[in-house]
Amino acid sequence: MGGVRGRWRRTGREIAGLVLPVACGGCGRPRTVLCEECGRALYGAGARRVRPCPEPPGLPVVHAVAPYEDAVRAVLLGHKERGALGLAGALGGALAVAVRASVAGAPAGPGPLLLVPVPSARGAVRARGHDPGLRIARCAAGELRRAGVPARVLAVLRQRRPVSDQAGLSAPERAANLAGALEVSPGGARLLAGGRAVLVDDLMTTGASLAEAARALSAIREWPVLVSAQPRAAVVAAPALSFGNKPELTGNLDRCR
């Protein structure tokens, strides 16, 4: 019954997006899904390496396009929590920029880029009526293909045990909550061997989710090629401090090392 309700909720949101007045997901400006100014905030600066403070063990090399603040925060929350599905295209475009940055300079392997979403908790997906991370990943893969980069989504990670809601948890609590929580689904290793995997998510906060996802991938011992290089990851947004490219932020990051 829950699946039926979820489908009706998704359908209702999609219909509402067609018939209700449109406003910018970042600032509320009318008659546009995302205004030019908020679009520049989302992906105008290009992707950069991000490192949370403190950095959890096993964190992949992560790239993001925007600090999680102001209009970018509003856009992500609008899509994730309020079902503003029209924002998925813009968010997917931003994620595609981060994906390309994440593999730039890395050895080119055989096959396409495989975007592996970090899975959301099942309860959160049911409550929202959609899977925001998976939706954005699919949009990003489409954007990459249109740019001539072979890419597809491979949702092979799954939760092996229940986890608590991450909201309100500290960095150590998030790490403990997620430790050993993910695994590659049966048959996933064979699929992963067909390309270059990049972990993707909409947001990195403490990095605990990405570190656990990377651990789950590296646990596939029957496919040594998958664990021979440092994992790569891409997200839309991350905390401003994790960018560490401004003089006023550098000292803070140095104290974390």
Side-chain angles (χ1 to χ4, degrees), residues 26 38-81 90-106 115-120 132-133 136-137 140 157 163 165-179 182 197-217 230-257:
C38 292
R40 285 196 301 269
L42 180 60
Y43 47 75
R48 289 163 283 172
R49 172 99 183 255
V50 287
R51 305 177 76 165
C53 177
E55 184 173 340
L59 183 71
V61 176
V62 187
H63 283 76
V65 292
Y68 184 60
E69 58 189 12
D70 303 330
V72 173
R73 182 177 184 273
V75 169
L76 281 166
L77 288 177
H79 176 260
K80 177 182 284 186
E81 306 295 350
L91 290 169
L95 181 58
V97 172
V99 168
R100 297 188 75 160
S102 74
V103 298
L115 308 192
V116 181
V118 176
S120 300
I136 293 173
L157 288 176
V163 297
D165 188 345
Q166 295 277 82
L169 298 182
S170 66
E173 289 170 339
R174 287 181 179 228
N177 182 44
L178 291 170
L182 299 180
V198 180
L199 291 165
V200 295
D201 208 348
D202 58 349
L203 173 66
M204 181 191 74
T205 49
T206 67
S209 297
L210 287 170
E212 170 57 19
R215 182 211 60 78
L217 287 186
Q230 188 174 13
R232 302 281 170 155
V235 298
V236 174
L241 280 173
S242 65
F243 285 82
N245 62 337
K246 297 180 180 179
E248 64 270 24
L249 301 182
T250 304
N252 293 333
L253 288 176
D254 287 340
R255 288 195 291 271
C256 294
R257 297 190 179 106

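Residue numbers count from 1 along this sequence. Being a predicted model, the structure only gives us computed values, none of them experimental.
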Got [X] and [Y] here, is their nearest side-chain heavy-atom distance under 4.5 Å?
{"X": "Pro52", "Y": "Leu59", "answer": "yes"}
{"X": "Val236", "Y": "Leu203", "answer": "no"}
{"X": "Pro67", "Y": "Arg48", "answer": "yes"}

Measure the [atom1]-[atom2] distance between [X] and [Y] for me, rounded to the nearest 0.5 Å.
{"X": "Asp70", "Y": "Leu42", "atom1": "CG", "atom2": "CG", "answer": "12.5 Å"}
{"X": "Asp202", "Y": "Tyr68", "atom1": "CG", "atom2": "OH", "answer": "8.5 Å"}
{"X": "Leu91", "Y": "Lys80", "atom1": "CG", "atom2": "NZ", "answer": "10.5 Å"}

To check you understand the geometry: which heavy-atom pair defines the closest contact between [X] and [Y], and what is its length?
{"X": "His63", "Y": "Arg49", "result": "CD2-N, 3.5 Å"}
{"X": "Pro56", "Y": "Thr206", "result": "CD-O, 3.4 Å"}
{"X": "Leu115", "Y": "Ala140", "result": "CD1-CB, 4.0 Å"}
{"X": "Leu182", "Y": "Ala216", "result": "O-CB, 3.7 Å"}
{"X": "Ala41", "Y": "Val72", "result": "O-CG2, 3.5 Å"}
{"X": "Ala214", "Y": "Leu199", "result": "N-CD1, 3.6 Å"}

Between Arg232 and Val103 (side chain of the first, backbone of the second, donor and acceptor by atom type, cut-off under 3.5 Å), is there such a pair?
no
